[in-house]
Protein chains: 2
Amino acid sequence: MSKRTNSAKRQLILDEAAKLFKLKGFGGTSMRDLAAQVGMEAASMYNHIKSKDEILELICFHISDTYIRQLTEVEHMQAPYVEKIRALIGRHIQLMIEDGAAVSVGNNDWKYLTGDRLEDFKAARKRYEKGFAALIEQGIAAGELHPVNVSVALFTILSAVRWVELWYRPGRNVTPEELEENIMTVLLNGLAK
Amino acid sequence: MSKRTNSAKRQLILDEAAKLFKLKGFGGTSMRDLAAQVGMEAASMYNHIKSKDEILELICFHISDTYIRQLTEVEHMQAPYVEKIRALIGRHIQLMIEDGAAVSVGNNDWKYLTGDRLEDFKAARKRYEKGFAALIEQGIAAGELHPVNVSVALFTILSAVRWVELWYRPGRNVTPEELEENIMTVLLNGLAK
DNA sequence: CCTACCGATCGGTAGG
DNA sequence: CCTACCGATCGGTAGG
């Protein structure tokens, strides 16, 4: 039971850290800020985590692992490329709605990772981008998509979806389904008639 | 001539600051880092600027002023709404290509503004968003655009375009024209055929 | 989990 | 534009 209590506190620290990093950035968040949020002294947190850097690593790799898993799932689907792309964008949006603070850290604060961990994170992102780009490329080759520059289309889509993490709150009068549907319309069918 | 020299140094400080803020964030950039980049001691910079906060303000409002000017230009154009939207997106992309570091600060570090200046900046952003939203709304009413949720479409477009500032370098084998054309295709015509 | 504290670094000022 | 320095705050440790 002590084990369970400890890991629950650890998780609390990670959750609160993600929220603060999103709000004030990694550099702008002090261990004293975080400790106050969690409800203990700064020194006490070191019984649950090794360092401020470790907190950042745990949040970032939780997110990159999830993205890679989503990509692998979609790669194994049997469906037209448009549907695979739709499914991947959908999972992407879903994760932002469910875990927006951590996604924000993975989008903005990953650059404060150091050494091997920084390289590992960049490699994971590259793997995701390559996999996504391959879906677009194959979709064009199959005649399902407009023949656009693949890199430009890829980054336009990945970027387009990022505002959700900044904007979405349960209080908005847009349901997650409406949100997803409207984003898909703009990206896949275009805004113009 | 002393006036010209001083203001040139001041501009150099602002330019280097924008680059460093983009790279390491406002909180992660020290006045000593910046001084080293500019080629003087930290204390000496205070002959050209009042404070670290003032540097942030000057960069942020330079960008928000430019955005507002672009919006006003487009609002006065005589053209179909699709073309107005196309023109506004184009100006947006252009600014990122020309002044990517400052745009990055306006996108990411504005939240470190304080007091009235923070409120002013938020108001400018709101004004821009409202103006852009109005173009989409009128475009839908005129039957030129798909009847999407206006807020969702607006943020999808503004967000979609943001990766340019992170990704574009003169070395890429994509010309600014190609870049603009491909982004417009995805956003206005959609990726799917 | 806390008190007490370390050396390092921060933004900024005094004085020249 | 520099040297010298201020008080405040940083991430983290010792010891209990």
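Below, read A as the first sequence line, B as the second, and so on, with proteins coming before strands; counting in each chain starts at 1.
- Within 6.0 Å of NZ in Lys193(B) there are more than 12 heavy atoms belonging to other residues, nucleotides or ligands.
- Expressed to the nearest 0.5 Å, how far NZ of Lys19(A) lies from OG1 of Thr29(A) amounts to 13.0 Å.
- Take the nearest nucleotide of DNA chain C for Gly39(A) and for Arg32(A): the residue whose nucleotide is more 5' is Gly39(A).
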Annotated structure of DNA chain D as dot-bracket, pair cut-off 3.5 Å, Watson-Crick or G-U only, | for inter-strand, is ||||||||||||||||

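- Comparing Lys50(B) and Asn47(B) against DNA chain C, the residue whose closest nucleotide sits nearer the 5' end is Lys50(B).
- Rounding to the nearest 0.5 Å places OH of Tyr67(B) at 11.5 Å from CD of Glu129(B).
- Taking the side chain as every heavy atom from C-beta outward, Met96(B) and Trp163(B) never approach each other to under 4.5 Å.
- Going from atom CG of Leu135(B) over to atom CZ of Arg86(B) covers 14.0 Å, rounded to the nearest 0.5 Å.
- If you take NE2 on His76(A) and CD on Gln78(A), they are separated by 10.0 Å, rounding to the nearest 0.5 Å.
- Put simply, chain A comes within 4.0 Å of DNA chain D, heavy atom to any atom, from dC10(D) to dT13(D), going 5' to 3'.
- The residue among Met40(B) and Tyr46(A) whose nearest nucleotide of DNA chain D is located toward the 5' end is Met40(B).
- Side chain to side chain, Arg10(A) and Asn47(A) fail the donor-acceptor criterion of an N or O pair below 3.5 Å.
- Hydrophobic clustering, defined by side-chain heavy atoms of Ile, Leu, Val, Met, Phe, Trp and Tyr closer than 4.5 Å, groups Ile59(B) together with Leu12(B), Ile13(B), Leu14(B), Leu20(B), Phe21(B), Phe26(B), Met31(B), Leu34(B), Val38(B), Met40(B), Met45(B), Tyr46(B), Ile49(B), Ile55(B), Leu56(B), Leu58(B), Phe61(B), Val105(B), Trp110(B), Tyr112(B), Leu113(B), Leu118(B), Phe121(B).
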